[in-house]
Amino acid sequence: MDSSSPISVQKALKSQESAPQSSPKPQSLKKSFVTSLMEATTLRTPSFKEDSYFTSHLKPSEKKALQELKDKLQAASSSSCSMWGIPLLGGDEKADVILLKFLRARDFKVSDSLHMLEKCLSWRKEFGADTILEEDFSGFKELEGVVAYMNGYDRDGHPVCYNAYGVFKDKEMYERIFGDEEKLKKFLRWRVQVLERGIEQLHFKPGGINSIIQVTDLKDMPKRELRVASNQILSLFQDNYPEMVARKIFINVPWYFSVLYSMFSPFLTQRTKSKFVISKEGNVAETLYKFIRPEDIPIQYGGLSRPTDLQNGPPKPASEFTVKGGEKVNIQIEGIEGGATITWDIVVGGWDLEYSAEFVPNGEGSYTIAVEKPRKIAANEEAIHNSFTSKEAGKMVLSVDNTSSRKRKVAAYRYIVRKSATISA
């Protein structure tokens with residue numbers, strides 16, 4: 001490791017590799033079978049590559065289909081039609097992006113694409129989708145930031161939509177939101193509003209960001225109760241928002257979901273399967289870090305993003321690192337002046353290790369201040385946020401001790417140092 005790095009690594013004194021191996025117990029055979037199912041259905045290196053919307057990249061047959069769709073739409077429309085504020089017959093590149101989405105959703109079959117497009121235009125008018133962002137859904141405040149919400153971007157700049165329906169295991173909550181058909185309709189309108197917020201951030205131009213990322217948390221999700229609602233949401237989105245999702249990440253996936261996936265997987269196209277990422281419980285942070293930076297991942301999923309962060313502008317970038325099994329990692333933040341205040345965030349995906357923080361003054365032979373005494377952090381704990389004001393110059397040392405585990409873990413930290421009106425990091 002580079003000597004200038006603020007991270008130092010201490011190996012475990014006793015190698016765990018040399019520990020005697022015990023004989024497998026009968027129960028472990030069942031566990032290994034379930035684990036193998038999980039591994040078989042987890043897409044570790046998704047192959048999906050987002051389509052190009054440059055017409056110069058299209059095959060001759062695809063260019064022909066695009067022109068045919070324009071001609072048929074022109075002939076079928078008695079008046080101008082638009083979607084997301086973009087005139088579909090304007091002949092510009094933004095219109096081409098939308099039309100290509102409908103063509104790709106129907107394998108460039110022009111008649112099928114036109115039928116889908118016309119049905120979508122009709123639905124948007126009837127549903128009032130173009131003005132839904134202006135609607136007040138105050139009755140759904142408790143679901144904001146919990147059930148479905150836009151939060152940050154992935155590493156390529158796609159807006160990310162998080163979905164988690166575990167709160168509906170509470171029967172009272174379920175009845176309040178889905179108790180009758182009228183309530184279900186209102187929920188669907190609210191859910192469409194969330195999606196439209198994400199689409200509002202898209203560029204609709206070649207080379208731009210033209211789709212979103214969906215992260216779906218399956219933890220505690222009630223299966224039977226939500227079947228009607230989830231089927232309606234899925235159908236509504238598939239029919240009216242074609243090719244709007246670049247990647248679907250399923251997290252906290254129970255073992256039975258993987259069994260179901262292995263059963264219906266043969267009926268999915270390779271294109272659809274290439275968009276799926278399936279992550280079992282315990283691997284959430286490790287999976288999300290592959291696609292999304294830690295500062296954009298909600299704290300409940302092993303990231304550093306808190307709802308209040310948005311009040312302070314764009315999130316401050318975090319530094320990522322890994323903690324191998326049998327290692328202790330020290331992050332040394334030097335150059336802190338006397339009277340300065342250092343504020344830091346640190347998180348380890350699936351913690352289950354020991355953490356501590358201390359301040360070491362520069363004076364030779366001086367004492368060390370235990371800012372946070374060593375303590376075991378449970379696997380489900382969120383990111384740590386703390387501050388310390390130093391009376392004298394020195395350095396802060398953040399320690400994560402993984403010597404009692406063999407499992408490698410992803411982690412991230414960030415900090416700012418303030419003195420008077422000056423901010424440095």
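Along the sequence shown, the residues carry numbers beginning at 1. All of these numbers come straight from a predicted model, not from anything done at the bench.
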**Message:** Before you tell me yes or no, could you show the steps for Ile336 and Phe359 under side-chain contact (heavy atoms from CB on, under 4.5 Å), namely the whole-Å CA-CA distance, both residues' side-chain angles and the distance that decides it to 0.1 Å?
**Reply:** CA-CA 10 Å; Ile336 303 172; Phe359 183 78; 4.1 Å; yes
**Request:** For Arg155 and Phe291, run side-chain contact (heavy atoms from CB on, under 4.5 Å): C-alpha distance rounded to whole Å, both residues' side-chain angles, the deciding distance at 0.1 Å, then the answer.
**Result:** CA-CA 6 Å; Arg155 293 179 185 269; Phe291 307 103; 5.8 Å; no
**Prompt:** What pairs with Thr343 under side chain to side chain contact (heavy atoms under 4.5 Å, CB included), at least two apart in sequence or on another chain?
**Reply:**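 Testing Thr343 for side chain to side chain contact (heavy atoms under 4.5 Å, CB included), a comparison that skips the adjacent residues, returns Thr341, His385, Ser387, Ile416, Arg418.
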**Asked** What residues form a side chain to side chain contact (heavy atoms under 4.5 Å, CB included) with Pro315, not counting sequence neighbours?
**Response**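 So Pro315 forms a side chain to side chain contact (heavy atoms under 4.5 Å, CB included) with Glu295, Asp296, Arg414.
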Would a 4.5 Å heavy-atom cut-off, applied to side chains only, mark [X] and [Y] as touching?
| X | Y | result |
| --- | --- | --- |
| Cys120 | Tyr241 | no |
| Asn386 | Glu372 | yes |
| Val347 | Ile384 | no |
| Ile212 | Leu195 | yes |
| Trp351 | Val400 | yes |
| Ile132 | Phe127 | yes |
| Val284 | Ile251 | yes |
| Leu66 | Leu103 | yes |

With distance as the sole criterion, is a donor-acceptor pair present between the side chains of [X] and [Y] under 3.5 Å?
| X | Y | result |
| --- | --- | --- |
| Gln201 | Tyr153 | yes |
| Tyr301 | Asn252 | no |
| Gln332 | Lys395 | yes |
| Tyr289 | Glu320 | no |
| Gln193 | Arg197 | yes |

With a 3.5 Å distance limit and no angle check, can you tell me whether [X] reaches the backbone of [Y] through a side-chain donor-acceptor pair?
| X | Y | answer |
| --- | --- | --- |
| Ser82 | Ile86 | no |
| Arg247 | Gln214 | no |
| Asn210 | Phe204 | yes |
| Lys183 | Glu175 | yes |
| Ser405 | Lys407 | yes |
| Lys391 | Gly338 | no |
| Asp154 | His158 | yes |
| His203 | Ile209 | yes |

Please report the shortest heavy-atom distance between [X] and [Y], naming the atom on each side.
| X | Y | value |
| --- | --- | --- |
| Ala383 | Ile299 | CB-CG2, 4.2 Å |
| Ala318 | Leu304 | CB-CD1, 3.6 Å |
| Tyr162 | Ile297 | OH-CA, 3.9 Å |
| Ala95 | Pro87 | CB-O, 3.5 Å |

**Asked** Taking the six-membered ring for Trp, is the centroid-to-centroid distance between Tyr413 and Trp344 below 6.0 Å?
**Response**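 Ring centres of Trp344 and Tyr413 not closer than 6.0 Å.
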**Full working for salt bridge (Lys or Arg N to Asp or Glu O under 4.0 Å) between Arg176 and Glu172** = CA-CA 6 Å; Arg176 192 157 66 249; Glu172 184 182 336; 3.7 Å; yes
Check ion pair [X]-[Y] (N to O, under 4.0 angstrom):
| X | Y | value |
| --- | --- | --- |
| Arg189 | Glu135 | yes |
| Glu196 | Arg124 | yes |
| Glu337 | Lys419 | yes |

Atom pair [atom1]/[atom2] of [X] and [Y] - distance to nearest 0.5 Å:
| X | Y | atom1 | atom2 | answer |
| --- | --- | --- | --- | --- |
| Ile98 | Glu93 | CD1 | CD | 12.0 Å |
| Ile342 | Ser390 | CD1 | OG | 8.5 Å |
| Ile331 | Ile333 | CD1 | CD1 | 7.0 Å |
| Thr216 | Ile249 | OG1 | CD1 | 9.5 Å |
| Ile369 | Glu358 | CD1 | CD | 10.0 Å |
| Met150 | Glu200 | CE | CD | 10.5 Å |

**Request:** Using the six-membered ring wherever Trp is involved, compare the ring planes of Phe140 and Trp190 and label them parallel, tilted or perpendicular (cut-offs 30° and 60°).
**Result:**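 It falls in the parallel class, under 30°.
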**Message:** For Lys125, is the NZ atom crowded, meaning more than 12 foreign heavy atoms sit under 6.0 Å from it?
**Reply:**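 Open.
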**Request:** Assess whether atom CD of Glu392 is packed by more than 12 heavy atoms of other residues, nucleotides or ligands within 6.0 Å.
**Result:**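 Correct, the count exceeds 12.
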**Request:** Decide yes or no on side-chain contact (heavy atoms from CB on, under 4.5 Å) for Asp345 and Arg306, but give the supporting numbers first.
**Result:** CA-CA 11 Å; Asp345 296 278; Arg306 293 179 173 83; 3.0 Å; yes
**Request:** Begin from the C-alpha positions of Glu144 and Arg191 and carry the test salt bridge (Lys or Arg N to Asp or Glu O under 4.0 Å) through to its verdict.
**Result:** CA-CA 10 Å; Glu144 292 283 348; Arg191 185 62 189 83; over 6 Å; no
**Request:** In sequence, state the C-alpha distance, the side-chain angles, and the governing distance for Lys101 and Asp51, and then conclude on salt bridge (Lys or Arg N to Asp or Glu O under 4.0 Å).
**Result:** CA-CA 9 Å; Lys101 285 181 179 292; Asp51 293 301; over 6 Å; no
**Message:** Applying salt bridge (Lys or Arg N to Asp or Glu O under 4.0 Å) to Glu286 and Arg408, what does each step give before you reach the verdict?
**Reply:** CA-CA 10 Å; Glu286 184 177 359; Arg408 169 188 170 279; 3.5 Å; yes
**Request:** Run the numbers on Val167 and Tyr174 for side-chain contact (heavy atoms from CB on, under 4.5 Å), then give the verdict.
**Result:** CA-CA 8 Å; Val167 293; Tyr174 176 84; over 6 Å; no
